Amino acid sequence: MGKLPFTSATAADISKDGSKILIKNYFKIYYWDRKKGETVAEALTRTPKELPYVPEPQGEAVGFQPDGEAFYTISEKRYKIHPVLYRYPAKN
């Protein structure tokens with residue numbers, strides 16, 4: 001359907017109301033606003049915003065909180081480092 005401007009995606013989520021999209025790889029988190037009536041594929045054709053993110057040892061997950069105002073990331077255990085759940089504000 002299309003090609004994203006980055007590689008190695010490890011996780012993605014869409015907000016409960018469908019208006020926000022996140023995709024992460026090991027180094028960055030990309031964000032799109034999704035317009036009403038727009039498909040996910042159509043939204044992903046626009047240039048994403050990069051959101052704040054401190055890379056984790058092996059960050060494998062991202063997800064919105066139910067109200068879409070923040071998102072969370074967590075790593076798998078790696079190098080004997082125990083995973084920590086991080087919370088970031090979701091910016092529009």
Side-chain angles (χ1 to χ4, degrees):
M1 297 185 86
K3 187 172 182 173
L4 296 172
F6 55 88
T7 61
S8 303
T10 62
D13 195 22
I14 297 176
S15 62
K16 184 177 177 179
D17 68 3
S19 69
K20 300 172 180 139
I21 302 168
L22 293 174
I23 300 178
K24 77 173 293 300
N25 64 17
Y26 289 121
F27 307 106
K28 296 183 179 185
I29 294 183
Y30 302 93
Y31 171 88
W32 292 262
D33 282 313
R34 185 174 166 209
K35 299 172 185 172
K36 189 172 183 168
E38 184 176 52
T39 68
V40 172
E42 289 169 336
L44 296 179
T45 63
R46 292 193 305 280
T47 301
K49 296 176 187 175
E50 290 183 22
L51 296 185
Y53 174 62
V54 177
E56 301 156 293
Q58 190 165 341
E60 296 283 352
V62 67
F64 282 105
Q65 71 183 28
D67 65 6
E69 295 300 313
F71 65 92
Y72 297 85
T73 68
I74 194 163
S75 177
E76 292 181 354
K77 184 176 179 181
R78 188 167 188 199
Y79 306 120
K80 298 183 181 181
I81 300 171
H82 292 280
V84 174
L85 182 65
Y86 292 96
R87 181 183 184 274
Y88 297 90
K91 296 180 181 180
N92 290 325

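Everything numeric in this text was worked out from a predicted model, so none of it was measured.
Scanning for side chain to side chain donor-acceptor pair (under 3.5 Å) contacts around Ser15 gives Asp17, with sequence neighbours left out. Applying the side chain to side chain donor-acceptor pair (under 3.5 Å) rule to Tyr30 yields no partners; only residues at least two apart in sequence or on another chain are considered. Annotation: ring-ring contact (aromatic ring centres under 6.0 Å, His included) contacts of Tyr88 (sequence neighbours excluded): Phe71. For Glu38, the side chain to side chain contact (heavy atoms under 4.5 Å, CB included) partners two or more places apart in sequence, or in a different chain, are Arg34, Lys35, Glu42, Ala43, Arg46. Residues forming a side chain to side chain contact (heavy atoms under 4.5 Å, CB included) with Lys36 (at least two apart in sequence, or on another chain): none. Residues passing the side chain to side chain contact (heavy atoms under 4.5 Å, CB included) test with Ala70 are Gln65, Arg87, sequence neighbours excluded.
Nearest heavy-atom pair, Val40 versus Ile14, reported as atom, atom and distance to 0.1 Å: CG2-CD1, 3.8 Å. Minimum interatomic distance between Trp32 and Thr47 (heavy atoms only, all atoms of both residues): NE1-C, 4.2 Å. Scanning both residues, Asn25 and Thr7, for their nearest heavy atoms gives ND2-O, 3.2 Å. Of all heavy-atom pairs between Phe64 and Leu22, the closest is CZ-CG, 3.3 Å. Considering all non-hydrogen atoms of both residues, Gly59 and Ser75 come closest at N-OG, 3.7 Å. Counting all heavy atoms, side chain and backbone alike, Ile23 lies closest to Ala9 at CG2-CB, 3.8 Å.
The other residues sharing a hydrophobic cluster with Tyr26 are Phe27, where clustering joins ILVMFWY side chains under 4.5 Å apart. Hydrophobic cluster membership for Leu85: Tyr72, Ile74 (Ile, Leu, Val, Met, Phe, Trp, Tyr linked by side-chain heavy atoms under 4.5 Å, directly or transitively).
One side chain, Lys24 or Tyr53, offers a donor N or O that lies under 3.5 Å from an acceptor on the other.
Atom-to-atom distance recorded for Ile29:CD1 and Thr10:OG1 is 8.5 Å, nearest 0.5 angstrom. Atom CG of residue Leu44 and atom NZ of residue Lys3 lie 15.0 Å apart, to the nearest 0.5 angstrom.
Residues Lys49 and Asp33 are paired through a salt bridge, judged by an N-O separation under 4.0 Å between the basic side chain and the carboxylate.
Applying the salt bridge (Lys or Arg N to Asp or Glu O under 4.0 Å) rule to pairs touching residues 50-60 yields Lys28-Glu50, sequence neighbours excluded.
Tyr31 and Ile21 are not part of a single hydrophobic cluster, where members link through side-chain heavy atoms under 4.5 Å apart.
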